[in-house]
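What follows is a single structure, written as structure tokens, with notes after it.
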Amino acid sequence: AGPCDIYSSGGTPCVAAHSTTRALYSAYSRPLYQVKRGSDGATSDISPLSAGGVANAAAQDSFCSGTTCLITVIYDQSGHNSHLTQAPPGGAASGGDVGGYDFPVTAIGAPVTLNGQKVYGVFISPGTGYRNNEANGTAVGDESEGMYAVFDGTHYNGGCCFDYGNAETNNLDTGDGHMEAIYFGLGTGYGVGGGSGPWVLADLENGLYTDSRVSVNPSNPSITSRFVTAVVKGNNNNQWAVRGGDAVSGSLSTYYSGIRPTNGDYNPMQKEGAIILGIGGDNSNWAQGTFYEGVMTTGYPSDDTENRVQADIVAAKYAIGTMNSGPALTVGSTITLRATTSCCTTRYLAHTGDAVNTQVVSSSSSTALKQQASWAVRTGLGNSACYSFESVDTPGSFIRHSNFQLYVHSNDGSKLFGEDATFCTQAGLNGQGSSIRSWNYPAHYIRHFNALGYAASNGGPKEFESATLFNDDVSWVAGSGF
Ligand code: AHR
Ligand code: AHR
């Protein structure tokens, strides 16, 4: 049985079920998600390998070979047609895509395995997010509901709001109690858990909560596991709960079960029934996190039902996937990165001061110029499965993106710096060498454009994101020096 079969047998069936990794019903064999590729704009549905099985990631890899792909739809498996698509602009923020929509995510940002088989999660960067304002069957008003989601416990920030669950239907903050969603991250200064986070909290609108107060709930622990199961539920009798656990082993703990927060207008709830992923109710889109699977139910699931869902998640065996592919880089080695666009095959990724650029370098160049174009490969500062590139002539400084331009900046030790300075590799999109994508914005690749370095998406809104020559501009041949 899948999670939604378990909820059904508990009398609280799923009314929405989303996952890019697997079917959430044992009989489900229809599409899980849709990808759209950069080369020609064509779309393809990715389905389970078999009914109830894991996603056919190989179909995605082959459809997206030699180009980029975005996740454009996450289908609702429950039959309620509550599919998730790019989130529209809201009261707090507009996205950067056409019409102020948030960007969709790249399809390759979150590779994992389920029982040894490769699949992809939904890697939410700030500015990306999904929504459905016309969901069917989700709780409205003070109706009861349950939710769970599986997240990456190591991918989070303190921006508002990495949520999955029930939100406003008009993209606006319509007041306390108009949301009931699972939140994961460092919180925004309302209720928090023990330690320094991240935590599983509930976004009830105008506040992230862990109990009935705006304070520390020491029973809600900082999450340390790579995969986390997060549960929020609320009923029509001023009762709600936050639960969580390691999605790979063990059982769920109840972090809180009791009355609604008393500091605002949370009882009765005034849920609106839209579904959000990766954003806040008013399209606050500054958060990051990774979603693998999640559902919303009708009725208030019993702890026992949720415990059986957790056992099913554990049996699915989430494990880390391979972040790098294509030509291997060796941590500790010093490399050069030669451009492959026909204009520029004598140019190398280099820097002048703090600006990353390309420069023509050869064996007869000065030592200073050769060093400006040489990079020490380091373990990724923000994710040890990927890489950082330390400047050879400025030790302690690394290539990082800021506002999607590349700089060589001194490592200030912050979480944001480490993440901005972490890149993962794959075979060059034009068939030569490697393409090098940002870890925290994996739709963005190291690109040269007018001889400057950028973290560019394929066909994005900025001039340096032009689809023309994108594959060539993001393909670099790594060498061992001059
Ligand atoms: O409750 C936290 C956030 O506050 C909500 O997600 C958003 O709608 C509002 O800005
Ligand atoms: O480059 C994109 C983002 O811009 C970086 O993550 C951040 O440092 C800056 O705000």
Side-chain angles (χ1 to χ4, degrees), residues 87-93 96 102-103 124-129 131 133 155 157-192 201-210 214 232 261 263-266 269-272 274-289 354 356 381-383 398-407 409 411-412 414-423 437-447 453-457 460 462 464-465:
D102 294 329
F103 291 107
I124 296 281
S125 305
T128 67
R131 192 170 195 125
N133 284 335
H155 185 207
N157 67 9
C160 180
C161 285
F162 180 70
D163 289 350
Y164 173 74
N166 197 318
E168 292 94 343
T169 51
N170 64 358
N171 316 308
L172 303 176
D173 176 349
T174 52
D176 296 358
H178 285 248
M179 293 179 64
E180 186 169 65
I182 307 169
Y183 167 88
F184 180 67
L186 295 172
T188 59
Y190 288 81
V192 293
L201 303 170
D203 191 342
L204 304 181
E205 190 52 284
N206 295 317
L208 306 173
Y209 292 93
T210 163
V214 180
V232 169
N263 63 306
D265 192 11
Y266 296 101
M269 293 289 280
Q270 299 172 70
K271 300 172 213 179
E272 298 190 21
I275 306 173
I276 53 173
L277 172 59
I279 52 175
D282 55 9
N283 195 44
S284 290
N285 62 2
W286 303 283
Q288 64 183 26
D354 76 349
V356 172
L381 295 169
N383 185 307
F398 294 79
I399 298 177
R400 65 87 59 93
H401 62 86
S402 180
N403 286 324
F404 302 107
Q405 195 169 335
L406 297 181
Y407 298 94
H409 280 166
N411 180 7
D412 66 10
S414 67
K415 174 170 151 65
L416 181 65
F417 184 93
E419 294 178 353
D420 286 351
T422 298
F423 299 89
R437 66 181 187 275
S438 159
W439 176 77
N440 58 351
Y441 290 83
H444 292 251
Y445 289 79
I446 292 184
R447 177 185 197 171
Y454 296 94
S457 70
K462 303 200 171 109
F464 62 79
E465 299 185 302

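When a ligand or atom number is given, it counts from 1 through the structure's own listing order.
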[atom] [closest protein heavy-atom partner, distance rounded to 0.1 Å]:
atom: atom 6 (O) of ligand 2; result: D420 OD1, 2.6 Å
atom: atom 2 (C) of ligand 1; result: D203 OD1, 3.3 Å
atom: atom 10 (O) of ligand 1; result: D282 OD2, 2.6 Å
atom: atom 9 (C) of ligand 1; result: E205 OE1, 3.0 Å
atom: atom 1 (O) of ligand 2; result: H401 ND1, 2.5 Å

For G129 and D102, work out which heavy atoms get closest and say how close.
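Where G129 meets D102 most closely, the heavy atoms are N-CB, 3.7 Å.
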Under 4.0 Å from a heavy atom of [X]: give me the atoms of ligand 2 that qualify, with their elements.
X: Y441; result: 6 (O)
X: L416; result: 6 (O), 8 (O)
X: N403; result: 1 (O), 2 (C), 3 (C), 4 (O), 9 (C)
X: R400; result: 8 (O)

Is any N or O atom of [X], backbone or side chain, closer than 3.5 Å to an N or O atom of ligand 1?
X: G281; answer: yes
X: L204; answer: no
X: N206; answer: yes

Using a 3.5 Å distance criterion without hydrogens, assess whether the side chain of D282 forms a donor-acceptor pair with backbone atoms of D173.
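Not confirmed, D282 side chain does not pair with D173 backbone.
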What are the atoms of ligand 1, with element, lying closer than 4.0 Å to any heavy atom of G280?
6 (O)
Taking only heavy atoms of S284, which atoms of ligand 1 are found under 4.0 Å from at least one of them?
10 (O)
Is the contact between C160 and ligand 1 made by the side chain, the backbone, both, or neither, using heavy atoms and a 4.0 Å cut-off?
side chain
Heavy-atom distances under 4.0 Å decide this one: backbone, side chain, both or neither, for E168 against ligand 1?
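It is neither; nothing of E168 touches ligand 1.
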Ligand 2 contacted by S402 (non-hydrogen, < 4.0 Å):
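Right, S402 reaches ligand 2.
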For Q405, is the nearest heavy atom under 4.0 Å from an atom of ligand 2?
no
Classify the ring geometry between Y441 and F404 as parallel (under 30°), tilted (30 to 60°) or perpendicular (over 60°).
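Geometry flag for F404 against Y441: perpendicular rings.
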Do E419 and Q288 have a side chain donor and acceptor closer than 3.5 Å?
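Indeed, the side chains of E419 and Q288 share at least one donor-acceptor pair under 3.5 Å.
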